[in-house]
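Remember, it's 1-based here, ligands and their atoms both numbered in the order they're listed.
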Amino acid sequence: MSILVTGGAGFIGSHTCIDLLESNYEIIVLDNFSNSSPEALDRVRTLSNRNFKIYDVDLLDRENVDQVFKENDIEAVIHFAGLKAVGESVQIPLHYYHNNITGTVILTHIMQKYGVYNLVFSSSATVYGIPDTVPITEDMPLSATNPYGRTKLMIEQILSDLYVSNNKWSIALLRYFNPIGAHESGLIGEDPNGIPNNLMPYITQVAVGKLNEVNVFGSDYSTPDGTGVRDYIHVVDLARGHLKALEKVKSSSGIEAYNLGTGKGYSVLEVIHAFENASGQKISYKIVERRAGDITECYADPTKAERELGWKAEKGIEEMCRDSWNWQSKNPEGYKTESKFFLSR
Ligand code: NAD
Ligand code: UD1
């Protein structure tokens, strides 16, 4: 029996594949490489010393997705595949709705056809919209402020309807906070296309000299230093959360949402200073206007995941910064950097 990992070549997916392989799961990766490189999966093979099947398939391609289920004995799906850039989702909303929502409908339809009812879904803390209070618990009101967020919210609702229709389904909705960091080897990490939107990849690209300085979006928020506060979580901790959720969905039925965060918030300036300490690199920054759509503060109450999944984030901000820097400094061009160079060092 195998675990199908959609979007397994991506940032979070590739780290989760390593954990699955190290825990002796058989895996199958389905990815259309629209936002990732096959090189990431080569490196997953190198790191884990395990082989696995890779399908270069688009989730929107129903026939080929069906073929993946026909050819393999799949017991559960971890569903990462989706587009995730908030700004881009405002520009091309139909593309986001089609890719994320239709892709999930096709996937779950085929899962149902083959009697595969165990699903771990990549949701996001974005489904809490503008939270009234922090820390955020799973039962707080849900809303969305952009098309990307709406795709996550709608998919959560679609999956809830699916469970109501057939209670054989067992679904974990994992609401990630802000994943950063990289595998400690520095072989896999986050490789955004073009200029990064998110804070940590922007900082690391300033550190390697690809960008000049960090634009700090606003210093007049009602936070201790005036800059936005977020719950950054190490991607390796996040990956581990998927294995816990997988065990849970395999052993029960139902649909449950879980916050995957550390429960601790850091401001933009705190992250910049933590990165400087961990890397020894000076990070130039300037304060600019607030970014439209940003919220003041967002951090998780992660106690439900600890109570019901037996999962808790373990890695602190220093380790997150150290590993982000290790990845970026060894791979200044991301996956376009020749891997043999540092494998042989
Ligand atoms: P990523 O872009 O690195 O990985 C997503 C993968 O899905 C990519 O490899 C991409 O090629 C693939 N993909 C996209 N559409 C596809 C399709 N139609 N068919 C097949 N493959 C497709 O993103 P990530 O950071 O690893 O995020 C994984 C998931 O977690 C996404 O669903 C994202 O929305 C969600 N998420 C991410 C964050 C974050 O900050 N990284 C936060 C919350 C939620
Ligand atoms: C963003 C997305 C959110 C998504 C999350 C994780 C937006 C509005 N929201 O959240 O939907 O779930 O990423 O992928 O894009 N910052 C700077 N300078 C920068 C970049 C960021 O000051 O160059 C600040 C932001 O204002 C924020 C913090 O850093 O306070 C974190 O930003 P970011 O990494 O983009 O994540 P979120 O805004 O939390």
A.B. asks: If you measure only the distance, is there a donor-acceptor pair under 3.5 Å linking the side chains of Glu297 and Tyr221?
C.D. replies: no

A.B. asks: In terms of atom number and element, which parts of ligand 1 are under 4.0 angstrom from non-hydrogen atoms of Ser122?
C.D. replies: 29 (C), 30 (O), 32 (O), 35 (C)

A.B. asks: What are the atoms of ligand 1, with element, lying closer than 4.0 Å to any heavy atom of Ser123?
C.D. replies: 43 (C), 44 (C)

A.B. asks: Have a look at Tyr176, Tyr148, Phe11, Tyr232 and point out the one with the heavy atom closest to atom 33 (C) of ligand 1.
C.D. replies: Tyr148

A.B. asks: Is it the side chain, the backbone, both or neither of Asn215 that has a heavy atom closer than 4.0 Å to ligand 2?
C.D. replies: backbone

A.B. asks: Between Asn72 and Ser2, does any side-chain donor sit less than 3.5 Å from a side-chain acceptor?
C.D. replies: no

A.B. asks: So is Glu190 close enough to ligand 1, meaning a heavy atom under 4.0 angstrom away?
C.D. replies: no

A.B. asks: When you compare the side chains of Glu71 and Tyr55, does any donor N or O come within less than 3.5 Å of an acceptor on the partner?
C.D. replies: yes

A.B. asks: If you count the non-hydrogen atoms of other residues, nucleotides and ligands that lie under 6.0 Å from CG in Asn212, is the total more than 12?
C.D. replies: no

A.B. asks: Would Thr104 and His79 satisfy side-chain hydrogen bond (donor to acceptor under 3.5 Å, both in side chains), going step by step from the backbone distance to the final call?
C.D. replies: CA-CA 8 Å; Thr104 304; His79 178 31; 3.0 Å; yes

A.B. asks: Within the structure, is a non-hydrogen atom of Val57 found at a distance of less than 4.0 Å from ligand 1?
C.D. replies: yes

A.B. asks: Is the distance between the ring centroids of His15 and Phe80 under 6.0 Å?
C.D. replies: no

A.B. asks: Could you list all the salt bridge (Lys or Arg N to Asp or Glu O under 4.0 Å) pairs where at least one residue sits in residues 3-29, not counting sequence neighbours?
C.D. replies: Glu26-Arg50

A.B. asks: Ignoring angles and geometry beyond distance, decide whether Ser34 reaches within less than 3.5 Å of ligand 1 through its nitrogen or oxygen atoms.
C.D. replies: yes

A.B. asks: What atoms in ligand 1 come closer than 4.0 Å to a heavy atom of Phe33?
C.D. replies: 11 (O)

A.B. asks: Does atom CD of Glu184 have more than 12 heavy-atom neighbours, drawn from other residues, nucleotides or ligands, at distances under 6.0 Å?
C.D. replies: no

A.B. asks: I need the contact type for Met200 against ligand 2. Using non-hydrogen atoms and a strict under-4.0 Å cut-off, is it side chain, backbone, both or neither?
C.D. replies: neither

A.B. asks: Are side-chain N/O atoms of Asn167 and Ser253 paired as donor and acceptor at under 3.5 Å?
C.D. replies: no

A.B. asks: Would you check whether Phe80 has a nitrogen or oxygen atom less than 3.5 angstrom from a nitrogen or oxygen atom of ligand 1?
C.D. replies: yes

A.B. asks: Whether the Glu276 and His273 side chains hold a donor-acceptor pair (N or O, under 3.5 Å, no angle test) is what I'd like checked.
C.D. replies: yes

A.B. asks: Among side-chain atoms of Tyr258 and Glu308, is any donor-acceptor pair under 3.5 angstrom?
C.D. replies: yes

A.B. asks: Which residue and non-hydrogen atom of the protein lie closest to atom 27 (O) of ligand 1, and at what distance in Å?
C.D. replies: Ile12 CD1, 3.7 Å

A.B. asks: Among all protein non-hydrogen atoms, which one is nearest to atom 19 (N) of ligand 1, and what is the separation to 0.1 Å?
C.D. replies: Leu59 N, 3.0 Å

A.B. asks: Out of Arg291, Glu297, Arg230, indicate the one that has the non-hydrogen atom closest to atom 32 (O) of ligand 2.
C.D. replies: Arg291

A.B. asks: Please state whether Gly149 comes within less than 4.0 angstrom of ligand 2, counting heavy atoms only.
C.D. replies: no

A.B. asks: Roughly how far, to the nearest 0.5 Å, is the CG atom of Asn178 from the CE atom of Met200?
C.D. replies: 10.5 Å

A.B. asks: Can you tell me which residue and heavy atom of the protein come closest to atom 20 (C) of ligand 1, and the distance to 0.1 Å?
C.D. replies: Asn32 N, 3.3 Å

A.B. asks: Students should be able to answer this: which protein heavy-atom is nearest to atom 5 (C) of ligand 1, and at what distance?
C.D. replies: Gly82 O, 3.8 Å

A.B. asks: Which residue and atom name correspond to the protein heavy atom nearest atom 6 (C) of ligand 2, and how close is it?
C.D. replies: Asn198 ND2, 4.3 Å

A.B. asks: Give the residue, atom name and distance (to 0.1 Å) of the protein heavy atom nearest atom 15 (N) of ligand 1.
C.D. replies: Asn99 ND2, 3.1 Å

A.B. asks: Once you restrict to heavy atoms under 4.0 Å, what part of Val86 touches ligand 2? Side chain, backbone, both or neither.
C.D. replies: side chain

A.B. asks: Of the listed options (Ile295, Val216, Val268), which comes nearest to atom 29 (O) of ligand 2 when hydrogens are ignored and any heavy atom counts?
C.D. replies: Val268

A.B. asks: Check this for me - ligand 2, Phe217, N or O atoms closer than 3.5 angstrom, yes or no?
C.D. replies: yes

A.B. asks: Any atoms of ligand 2 less than 4.0 Å from a non-hydrogen atom of Asn178? List them with their elements.
C.D. replies: 36 (O), 37 (P), 39 (O)

A.B. asks: Can you establish whether the number of heavy atoms outside Asn49 located under 6.0 Å from its atom CG is more than 12?
C.D. replies: no

A.B. asks: Which is it for Tyr232 and ligand 2 at heavy atoms under 4.0 Å: side chain, backbone, both or neither?
C.D. replies: side chain

A.B. asks: Would Asp294 count as being in polar contact with ligand 2, using the rule that some N or O on each side must be under 3.5 angstrom apart?
C.D. replies: yes

A.B. asks: Look at atom 2 (O) of ligand 1 and say which protein heavy atom is nearest, naming residue and atom and giving the distance to 0.1 Å.
C.D. replies: Asn35 ND2, 2.7 Å

A.B. asks: Atoms of ligand 2 less than 4.0 Å from Asn197 heavy atoms?
C.D. replies: 20 (C), 35 (O)

A.B. asks: Is it true that the side chains of Asp56 and Asn32 contain a donor and an acceptor less than 3.5 Å apart?
C.D. replies: no

A.B. asks: Taking the non-hydrogen atoms of Gly103, is any one of them nearer than 4.0 angstrom to ligand 1?
C.D. replies: no

A.B. asks: Is it the case that ligand 2 has an N or O less than 3.5 angstrom from some N or O of Asn146?
C.D. replies: no

A.B. asks: Using distance alone, with no hydrogens and no angle criterion, decide if Asn259 and Tyr128 have a side-chain donor and acceptor under 3.5 Å apart.
C.D. replies: yes

A.B. asks: Between Glu319, Glu314, Met320, Lys312, which is the residue that forms a side-chain contact (heavy atoms from CB on, under 4.5 Å) with Asp237?
C.D. replies: Glu314

A.B. asks: Among all protein heavy atoms, pick the one closest to atom 10 (C) of ligand 1 and tell me residue, atom and distance.
C.D. replies: Asp31 OD1, 3.4 Å

A.B. asks: Counting both backbone and side chain atoms, is some N or O of Leu199 under 3.5 Å from an N or O of ligand 2?
C.D. replies: yes

A.B. asks: Between Arg43 and Asn331, does any side-chain donor sit less than 3.5 Å from a side-chain acceptor?
C.D. replies: yes

A.B. asks: How long is the gap from CD1 on Ile28 to CG on Leu20, to the nearest 0.5 Å?
C.D. replies: 11.5 Å

A.B. asks: Looking only at protein heavy atoms, which one is nearest to atom 6 (C) of ligand 1, and how far off is it?
C.D. replies: Gly7 CA, 3.6 Å

A.B. asks: With atoms numbered from 1 as shown, which atoms in ligand 1 lie under 4.0 angstrom from a non-hydrogen atom of Asp58?
C.D. replies: 17 (C), 18 (N), 19 (N)

A.B. asks: What are the atoms of ligand 2, with element, lying closer than 4.0 Å to any heavy atom of Ser124?
C.D. replies: 12 (O)

A.B. asks: Give a yes or no on whether the ring-centroid distance for Trp169 and Tyr163 is below 6.0 angstrom.
C.D. replies: no

A.B. asks: Could you tell me whether some N/O pair between Leu83 and ligand 1 is separated by less than 3.5 angstrom?
C.D. replies: no

